[in-house]
Amino acid sequence: MVATTKTQEAAGRDGWSSRSGFILAAIGAAVGLGNLVRFPAEAAANGGGAFVLFYIFCIALIGLPVLLSETLIGRHGQASATRSVERMAAESGASKAWTGLAGLGVLSAFMILAFYCVIGGWVLYYVGIFVGDLFTSGVTGGALAGMSASDIESIFPTLLEQGGMMSILDAVFVAITLYFVARGVSGGIEKASVVLMPAFFLLLIGITVYGAFTGAFTETLAFLFSFDFTRLTGPVMLAAVGQAFFSLSLGVAGMITYGSYVARDVNLAKTSTTIALADTSVALIAGLCIFPIVLAAGLSSEGGMGLMFATLPHSFQSMPAGSVIGLAFFVMVGFAALTSSVSLMEVPTAWAVDRFGFARPIAAGTVAALALILGVASAYSFNALNDFHPLGFIPLFAGENLFTALDSVTAKLFMPIGALLTTIFVGWIAERRMIDAENGLRGGLDRFWFFLVRWLCPAALAAILIVGIFPDILGT
Ligand code: TRP
């Protein structure tokens, strides 16, 4: 099982020390706020069962083929995302302009990093609240003792008013991320994932089992897994595809970068399947973890960020040992967010090392400083900069503040464009011989995968882009 990266060491380039190190790091990148916050919120907003089934379908038929496409480009290139694409294009006699798909990815990863670390800072704030709680009420006391429901619900909006506090927490989260990225691939990123991901799984299973015994588990099962096909409308399907992409970290060259550190003897089709399976299981388990807690407290199961940061804290109050469970919960979310922010910081860092020949710590430090500046500005967009609409001149993004614009531009535009270009590149431009040498597939399965990459994925992605840019087509 354990394959060392001798070839890469010989070439002087850092890489994953083993196949399982790569798998854990890639799962760490994929599993994050997208699984824990976005998936439950999207499932709730889109009617539960029908959304969930279609989401699984999208992961298998679109997400997985694109994941394999990205990792194989990286492994073939053995270099940063832009240089890997450049190599494959050059060896296929194609235009150097294809490098642009990775360049766009580097930019997107940087933009996502900036606001992702702000959310990471919020998670730290809640960790702080529950640590304080443990000191004041002890292990057996309920969480947030003495606070009224409205007190608890106002924690989150009050935090959003405090630009300075959010900036400090953002800086802390960026600094922790930087610590691991600066130490390199095998010595930093992989080490963090190998420790944090198993801890994450233990906490997730623990809290889920707890919820199954004490919470509204049957209601949750009915909600998440009852398939009412009349609810499978166009917008629900699009939401599911978008969620599949965000969750697998696709379309921003992240998996090209991670793929470039994989040893030659690893079967990429198998590892991609493992990564996709793990990511999807975590999303489903997160649903099974969060809804019973929320539903048992008789709270509403709707609402994006509010579900985790306003509704859920509320329900810890009525639980036995609520402050311990609350603390464990937010520590778990923090671990998941950290391994994802590390993957986001790695993309522009690897690019800067390759492009300008910077030493890794300097490249990572520069990326971190710039991401912090953009992050602080976006944190203030909930208060002082509320009326600043950077893209107000584009109808699709009218009314978005800096924070939401960073999210929307990447999710609605850059990620689907990046993934579309990737599938066209792998399906049509790159020489088939290179693809076949990397993908680890044979026979019928190989042909089926290639069909998906060549036809289904580009068509589906083009459809998402069109409907994303012109939502009026669906009449919504
Ligand atoms: N997939 C991660 C999550 O679910 C977020 C993430 C990390 C990401 N790297 C990414 C999303 C790259 C898009 C692109 O939270």
Side-chain angles (χ1 to χ4, degrees), residues 5 7-16 25 29 70-71 73-91 94-117 170-171 173-190 192 249 251-262 340-377 406 409-410 414-415 417-418 421-422 425:
T5 51
T7 40
Q8 288 166 338
E9 276 159 20
R13 192 167 183 264
D14 196 3
W16 311 115
E70 288 202 13
T71 44
I73 294 176
R75 204 216 358 226
H76 180 82
Q78 298 285 312
S80 72
T82 44
R83 185 149 318 172
S84 294
V85 175
E86 191 182 316
R87 276 196 188 150
M88 199 174 255
E91 287 167 31
S95 159
K96 208 180 160 181
W98 283 101
T99 311
L101 83 86
L104 181 68
V106 173
L107 177 66
S108 313
F110 173 75
M111 291 164 68
I112 299 174
L113 174 69
F115 76 83
Y116 206 86
C117 288
D170 180 18
F173 201 82
V174 169
I176 304 174
T177 307
L178 172 62
Y179 172 81
F180 291 108
V181 176
R183 294 177 69 104
V185 178
S186 54
I189 301 177
E190 182 177 331
S249 308
V252 312
M255 291 297 178
I256 301 183
T257 308
Y258 271 31
S260 77
Y261 303 124
V262 179
S340 296
S341 63
V342 161
S343 79
L344 288 164
M345 192 182 281
E346 173 60 18
V347 179
T349 299
W351 172 79
V353 167
D354 216 17
R355 178 83 171 65
F356 305 113
F358 288 170
R360 167 174 280 272
I362 302 211
T366 311
V367 170
L370 295 174
L372 183 59
I373 294 171
L374 189 57
V376 166
L406 286 172
V409 170
T410 47
F414 290 0
M415 284 169 58
I417 292 178
L421 292 175
T422 304
F425 182 67

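All values below were derived from every heavy atom in this structure, side-chain atoms included, with hydrogens, water molecules and symmetry-related copies excluded.
By the side-chain hydrogen bond (donor to acceptor under 3.5 Å, both in side chains) test, Thr82 is found to be paired with Ser80, residues two or more places apart in sequence or in another chain being considered. Evaluation of the salt bridge (Lys or Arg N to Asp or Glu O under 4.0 Å) rule for Arg87 yields no partner, not counting sequence neighbours. Take Phe358 and apply the ring pair (Phe, Tyr, Trp, His ring centres under 6.0 Å) test, not counting sequence neighbours, and it matches Phe356. Scored by the side-chain hydrogen bond (donor to acceptor under 3.5 Å, both in side chains) test, Thr177 finds Ser341 as partners (sequence neighbours excluded). With sequence neighbours excluded, the residues forming a side-chain contact (heavy atoms from CB on, under 4.5 Å) with Ala359 are Pro361, Ile362, listed by chain and number.
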**Asked** For Asp170 and Val376, what are the C-alpha separation, side-chain angles and deciding distance, and is it a side-chain contact (heavy atoms from CB on, under 4.5 Å)?
**Response** CA-CA 7 Å; Asp170 180 18; Val376 166; 4.2 Å; yes
**Request:** Run the numbers on Leu406 and Leu374 for side-chain contact (heavy atoms from CB on, under 4.5 Å), then give the verdict.
**Result:** CA-CA 10 Å; Leu406 286 172; Leu374 189 57; 4.1 Å; yes
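Between Ala363 and Ala352 the shortest heavy-atom distance is CB-CB, 3.9 Å. Ala81 and Ile256 get closest at one heavy-atom pair: CA-CG2, 3.8 Å. Considering every non-hydrogen atom in both Ser95 and Ala97, the closest pair reads OG-N, 2.8 Å.
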Which atom pairs, one a donor and one an acceptor, fall under 3.5 Å between side chains of residues 98-117 and the rest of the protein, sequence neighbours left out?
{"from": "Thr99", "atom 1": "OG1", "to": "Lys96", "atom 2": "O", "distance (Å)": "2.6"}
{"from": "Ser108", "atom 1": "OG", "to": "Leu104", "atom 2": "O", "distance (Å)": "2.8"}
{"from": "Tyr116", "atom 1": "OH", "to": "Leu33", "atom 2": "N", "distance (Å)": "2.9"}

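With rounding to the nearest 0.5 angstrom, the CZ atom of Arg83 is 13.0 Å from the OG1 atom of Thr257. Distance check, rounded to the nearest 0.5 Å: OG of Ser260 to CH2 of Trp16 gives 8.5 Å. Going from atom CD of Glu70 over to atom CZ of Phe425 covers 12.0 Å, rounded to the nearest 0.5 Å.
A 4.5 Å side-chain heavy-atom check between Ser84 and His76 finds every atom pair outside the cut-off. Counting heavy atoms from C-beta outward, Val85 and Ile73 have side chains that approach closer than 4.5 Å. Using a 4.5 Å heavy-atom cutoff, the side chains of Tyr258 and Ile189 are in contact.
With hydrogens and angles ignored, the 3.5 Å screen pairs a side-chain donor or acceptor of Gln78 with a backbone N or O of Arg75. Remark: the backbone N or O of Gly184 is not paired with any side-chain donor or acceptor of Asp14 at under 3.5 angstrom.
Residue pairs that meet the side chain to side chain donor-acceptor pair (under 3.5 Å) test with at least one member in residues 357-369, sequence neighbours left out, are Glu346-Arg360. Residue pairs meeting the salt bridge (Lys or Arg N to Asp or Glu O under 4.0 Å) criterion with at least one member in residues 363-372: none, sequence neighbours excluded.
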